[in-house]
Each structure stands twice: as structure tokens, then as C-alpha cells.
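These numbers come from a predicted model, not from an experiment.
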Amino acid sequence: MTPGPLSPGTAPRRRPLGVFAASAAVVLGLSGCTLFSPDGADAPVTGVETADPAAIGEVAGDLRGFYTQEVRWEDCEESFSCATIEVPLDYSDPGRSSIELSAIRSDATGEAQGTVLVNPGGPGGSGVNIVKDSLDYVTSERLREDYDIVGFDPRGVNRSSAVECYTDAEQDEARQESYPPGAPEEEILALMTADAQEYADLCAERTGELLGFVDTESAARDMDILRALVSDPKLNFLGFSYGTQLGATYADLFPERVGRLVLDGAVDPSLSNENITLGQAGGFERAVRAYVAACQQGADCPYTGSVDDGVRQIQDLFAAVERQPLTAEDGRLVPISTFVQGFILPLYDNGNWPTLTQAVTAALAGDPTSMLYLADLGAERRPDGTYASNSTAAFLAVTCLDYPMTSDPAQMRADEQELVAASPTFGRFLAYGGITCAPWKYPPVLGPAPLQAAGADPIVVIGTTGDPATPYEWSTALAGQLESGVHVTWQGEGHTAYGRSNDCVLDLVDSYFIDGTVPADGTRC
């Protein structure tokens with residue numbers, strides 16, 4: 001039986017940096033089920049705008065044309081305006097070629113004092129989707145009264161100039177594949193390497209040179225063009241999860257242009273890919289234990305005995321699916337990689353734990369349909385077999401450019417042991433990340449490094465104590481790195497805080513954006 005939809009806006013705002021395991025990437029993404037379809041050429045133009053010269057600031061001459069371009073905002077989706085914006089493909093050679101960014105705007109219901117740019121995470125998350133589908137969830141009524149809210153699809157993502165890898169049919173096929181259980185390690189590694197090579201080749205062939213320019217620093221530079229084009233002298237930004245890395249990168253590049261930045265569910269930019277994955281392994285292990293404990297306090301919980309017993313029962317279920325993939329009602333095969341993706345999705349929000357319990361109960365009876373439904377939400381697959389975005393491909397493309405990774409088999413085996421120690425439940429399924437990016441056509445252009453944003457105005461960093469995807473300690477690390485970082489704690493479960501926590505967080509974020517009131521460093525909600 002297919003469960004009801006997750007509560008609005010509670011899809012994950014960041015994917016764990018997992019990779020190929022079992023048969024396909026254990027990569028978790030934002031879910032979105034609504035197709036965006038503005039009327040295109042027939043949509044009425046609500047305004048042609050250019051940047052206020054005072055907002056542009058000092059920019060290099062070969063970039064000035066991007067900062068002064070005309071932007072045509074057209075009515076879309078009944079109550080929004082949409083626009084396409086040009087940015088350089090390559091900031092080291094801006095005149096060589098340009099790409100397009102898709103943006104959406106919700107006008108302030110009162111007198112606007114500026115614009116707040118929103119990013120939902122990922123990498124690969126659609127800012128257009130989050131504004132269009134979940135605006136009431138990610139922003140308060142008070143914030144929407146005082147600010148225009150703008151979402152955009154970063155370079156490589158969805159409606160912007162996008163990374164292209166699998167077709168919908170190919171993605172469906174990949175999500176149903178599994179490696180032979182019990183096969184020798186060398187055979188599994190060879191199969192994983194071949195799959196990664198095939199995927200990398202397809203991405204390079206179908207995307208072209210854009211694939212080498214979807215790194216986070218380039219996306220942050222795009223945000224400065226967006227800032228100028230909405231005529232804000234400083235950037236106001238609300239970033240969730242990976243969006244915190246995007247926002248912190250912007251602040252480090254343009255500290256003098258930092259307005260009011262809120263970074264919620266923070267990523268520690270000084271961590272390697274391997275340490276990020278290790279941190280998430282521990283975070284999801286803590287989350288599954290909290291979930292089992294809560295389940296056992298209620299009725300109709302499938303987990304018997306102690307919390308340890310319940311977690312072992314989940315591990316036993318995973319082992320059974322790994323030995324023998326299940327078949328859903330629609331005939332699709334559900335291997336362990338897809339099953340784990342479905343299981344992890346509701347752990348992002350404790351309000352969705354009952355939905356997970358329903359899916360596990362059905363799976364224990366041999367029916368994985370509900371778990372596949374959850375995995376489809378994470379992959380943004382619609383019931384008709386099409387995918388609402390390219391979030392999985394974009395995630396991998398950005399990650400492979402942002403992070404150097406080891407692909408040495410001995411080191412990956414050692415990393416796997418650490419992952420399993422941190423998470424007996426999920427660790428195995430987050431291992432061997434280096435295999436994914438090793439055959440990528442374009443090598444990494446960035447790497448882990450602390451971000452200081454010296455001279456920036458105060459930047460609010462929020463951490464949730466029970467956050468599985470961006471563990472709490474990452475928020476304290478980022479706030480400590482930023483010269484003007486102000487740390488706020490929400491004592492709760494799930495990923496991120498603003499929009500899903502309590503009035504304490506809501507009020508202090510709104511007061512910061514609207515009145516400029518900076519919360520006290522160390523505030524706990």
C-alpha cells in the first residue's frame with residue numbers, strides 16, 4: 001500500500017555524500033512532484049528590469065555586461081514571476097560563452113525592503129521548485145510581507161543550463177540493478193568501476209563542457225550577478241544544508257557584499273568528502289536509534305525488544321533485501337540501494353517517522369511498494385515514470401568538482417571499516433565514493449578549506465542537535481570559521497530548523513532579516 005505524501009516541504013535539503021553501493025548510488029535528494037510549466041513565449045511580461053547602477057559595485061569590465069543585462073520577468077504559475085538570466089560559463093574567461101539560469105520570484109505582500117535569495121540544498125536542489133511548491137514552508141508570512149523571495153536553479157540544475165546523464169528510462173533501469181550477493185570483493189569492485197565509467201562517459205557526452213563548470217565557487221559568483229539584477233547592494237540569503245556551503249562561499253568571495261545571511265543545517269567546508277560521509281554515517285545512525293525509540297513508545301511498532309534489538313531488526317531486513325531484492329506492485333525490482341534510499345528519506349524529519357514505520361511493516365510482509373514510493377520521492381520520480389529534475393546527476397557533477405576523492409582500493413576498504421563502525425546500519429551503503437568520481441572527465445577544481453569571510457556583516461549559522469544529514473558539530477565549526485559567524489542551536493530532531501522547528505527559531509530569523517536584529521551568539525532554542 002502506498003503511504004500518503006510526506007508533510008509539505010519536508011523532503012531532505014541535502015543528500016548524503018554517498019556513492020555507488022549495491023548497484024546504484026546511495027544518493028538522497030530533494031523530492032518534488034510538481035511539474036513547472038510556465039506558458040513560455042505566451043506568458044505576459046510583468047517587467048523588464050536592469051540593475052540599479054549603485055547596486056552593481058566594482059566588477060571587471062569583461063563581466064559588466066552580465067551585471068547590466070535586461071531581465072524579462074514573466075507571469076508564471078499564477079502568482080509568481082519567472083526569468084532567465086545569463087551568466088558566464090567560465091569566470092576565468094567570461095567572454096568565451098554564457099549559460100542560462102532559471103529564476104522565480106514571489107513579490108512581497110507588503111512594501112518590499114529588498115530580496116531574499118533562497119537555496120534548498122543538494123547540491124542539485126531546485127530553488128525554483130522550493131519557492132514554487134513550498135514557499136509557505138521555507139519562509140514565514142512575516143518574511144514574505146517584507147521581502148521579495150527569489151529562488152533559482154544553480155548552474156547544472158534542472159531548468160537552468162543542466163547536466164544531462166541518464167534518460168528517465170535509463171535511470172529507472174539503474175535503480176533496479178543489484179550486484180550478485182556474496183560475490184568476491186574484486187568482482188564487485190570491477191562491476192562498480194565499470195558502471196561508474198559508463199555513467200561518467202554518458203554525462204560527459206550528453207552535457208558537454210558545462211560539466212566542468214558546475215562547481216560551488218562558480219555558482220556563488222552567479223549569485224552576485226543575481227544580487228545585482230534584483231538591485232540589492234548587498235545579498236540577503238537563506239540557505240539550507242548544502243546551501244550553507246554556497247552562502248559561505250559567497251561570503252568568502254564577496255565579504256563586503258554580505259547583507260543578512262542565514263545558513264541553516266550547516267556544512268563544515270573544511271572537511272574532506274570522506275570525513276563528510278563519515279559524519280553523516282554517524283548522524284543517520286543516531287537518527288535511526290531515535291526513530292526506533294520513538295516507535296517503540298507507540299502502538300503497532302514492528303520493532304520488538306530494546307532499541308538495540310529494533311535497530312538489529314532493521315539491519316536484518318536490509319540483509320534480507322540485499323540477498324533477495326523485492327518486487328513492488330508496479331513490477332519494479334527494489335534492490336538494497338533503492339530500499340535504503342527510501343528508508344533514509346523520512347529520517348530527515350521526525351514528523352515523517354510514522355510513514356517510515358508503515359513502509360517497514362509492509363516490507364517485512366514482503367511488499368516493498370511503500371518503500372519504493374519513498375525512494376521515488378527522493379529521486380523525484382513521478383508516477384508516470386518521468387523524473388521532475390536532474391538532481392541526482394547534478395549532485396554528482398558538483399561533488400566531483402568540489403572534492404578530491406581517493407579511489408585507492410585499500411584506502412576505500414579502510415574507510416568502509418570506519419563507516420561501519422560509525423554506522424552499523426548504513427555505513428556499508430555509504431562507502432566507495434571515490435569510484436564514482438575517479439572516471440569523471442573533469443578533475444576537481446576545489447577542495448576542503450575553512451571559510452572566513454573576513455570583514456562581512458554578521459552571518460547567522462543554525463545547527464540542529466539531532467540533524468542526521470548535517471551533524472550539529474558542523475554548524476559550530478562553520479560559525480567558528482566565519483569571522484562574523486553567530487551560532488544558534490535548535491534542540492530537536494531532523495534536518496534544518498527554520499520552517500520546521502519552533503517559534504524561537506522562527507522569530508529570531510525573521511527579526512534578523514526584517515529588523516536587522518542579530519541574535520546573541522550561542523542562543524539555544
Applying salt bridge (Lys or Arg N to Asp or Glu O under 4.0 Å), can you list everything that pairs with [X], at least two apart in sequence or on another chain?
| X | answer |
| --- | --- |
| Glu49 | Arg105 |
| Arg221 | Glu217 |
| Asp402 | none |

Any donor-acceptor pair under 3.5 Å from [X] side chain to [Y] backbone:
| X | Y | answer |
| --- | --- | --- |
| Thr249 | Gln245 | yes |
| Ser160 | Asp153 | yes |
| Asp376 | Arg381 | no |
| Arg524 | Thr489 | no |
| Ser389 | Asn158 | no |
| Gln481 | Leu451 | yes |
| Asp232 | Thr115 | yes |
| Ser391 | Gly125 | no |
| Ser97 | Leu89 | no |
| Asn390 | Val163 | yes |

Would you say the ring centroid of Tyr442 lies under 6.0 angstrom from that of Phe213?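 Here the rings of Phe213 and Tyr442 have centres that are no less than 6.0 Å from each other.
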Side chains of [X] and [Y]: closer than 4.5 Å at any heavy-atom pair?
| X | Y | value |
| --- | --- | --- |
| Pro120 | Asn129 | no |
| Glu274 | Leu278 | no |
| Tyr403 | Thr216 | no |
| Leu377 | Leu345 | yes |
| Ile344 | Phe429 | no |
| Thr244 | Val461 | no |
| Leu238 | Phe240 | yes |
| Glu170 | Glu198 | no |

Can you see which heavy atom on [X] is nearest to which on [Y], and at what distance?
| X | Y | value |
| --- | --- | --- |
| Val157 | Ala394 | CG2-CB, 4.0 Å |
| Ala287 | Leu347 | O-CD2, 4.3 Å |
| Pro154 | Leu101 | C-CD2, 4.2 Å |
| Cys76 | Ser81 | SG-C, 3.6 Å |
| Gln197 | Pro439 | OE1-CB, 3.2 Å |
| Ala453 | Asp252 | N-OD1, 2.9 Å |

Around atom CD of Glu473, are there more than 12 heavy atoms of other residues, nucleotides or ligands at under 6.0 Å?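 Counting neighbours around CD of Glu473, more than 12 heavy atoms of other residues, nucleotides or ligands fall under 6.0 Å, so yes.
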Residues, nucleotides or ligands: over 12 heavy atoms within 6.0 Å of Arg64 CZ: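 Open.
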Quick one: list whatever passes side chain to side chain contact (heavy atoms under 4.5 Å, CB included) with [X], sequence neighbours left out.
| X | value |
| --- | --- |
| Glu493 | Ala290, Asn350, Trp353 |
| Pro458 | Val486, Val518 |
| Glu186 | Pro184 |
| Ala520 | Thr523 |

Just to verify, what does Tyr472 make a ring pair (Phe, Tyr, Trp, His ring centres under 6.0 Å) with, not counting sequence neighbours?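 His487.
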Checking side-chain hydrogen bond (donor to acceptor under 3.5 Å, both in side chains) against Asp467, which of Thr465, Thr470, Thr464 comes through?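 Of the listed residues Thr465, Thr470, Thr464, the side-chain hydrogen bond (donor to acceptor under 3.5 Å, both in side chains) partner of Asp467 is Thr470.
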For residues 404-427, which residue pairs pass the salt bridge (Lys or Arg N to Asp or Glu O under 4.0 Å) check, not counting sequence neighbours?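 Every pair satisfying salt bridge (Lys or Arg N to Asp or Glu O under 4.0 Å) with a residue in residues 404-427: Glu185-Arg413.
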Which salt bridge (Lys or Arg N to Asp or Glu O under 4.0 Å) pairs, counting each pair once, include a residue from residues 446-465, with sequence neighbours left out?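 Applying salt bridge (Lys or Arg N to Asp or Glu O under 4.0 Å) to every pair that reaches into residues 446-465, excluding sequence neighbours, yields Lys234-Asp457.
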If you apply the rule side chain to side chain donor-acceptor pair (under 3.5 Å), what do you find for Tyr387 with Asp172, and how did you get there? CA-CA 9 Å; Tyr387 287 79; Asp172 258 6; 2.6 Å; yes
Enumerate donor-acceptor pairs with a distance under 3.5 Å from any side-chain N or O in residues 254-263 to protein atoms, sequence neighbours excluded.
from	atom 1	to	atom 2	distance (Å)
Arg257	NH1	Asp224	OD2	2.4
Arg257	NH2	Glu58	O	2.6
Arg260	NH1	Phe513	O	2.5

From Ile56, Leu63, Leu229, residue fulfilling side-chain contact (heavy atoms from CB on, under 4.5 Å) relative to Thr68: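 Answer after filtering Ile56, Leu63, Leu229: Ile56.
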Donor-acceptor pair between [X] and [Y] side chains, under 3.5 angstrom:
| X | Y | answer |
| --- | --- | --- |
| Tyr512 | Asn236 | no |
| Arg382 | Thr386 | yes |
| Gln411 | Thr406 | no |
| Tyr242 | Asn119 | no |

Can you pull out every disulfide (SG to SG under 2.5 Å) where at least one residue sits in residues 216-278? Sequence neighbours excluded, please.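 Listed once each, the pairs would be none.
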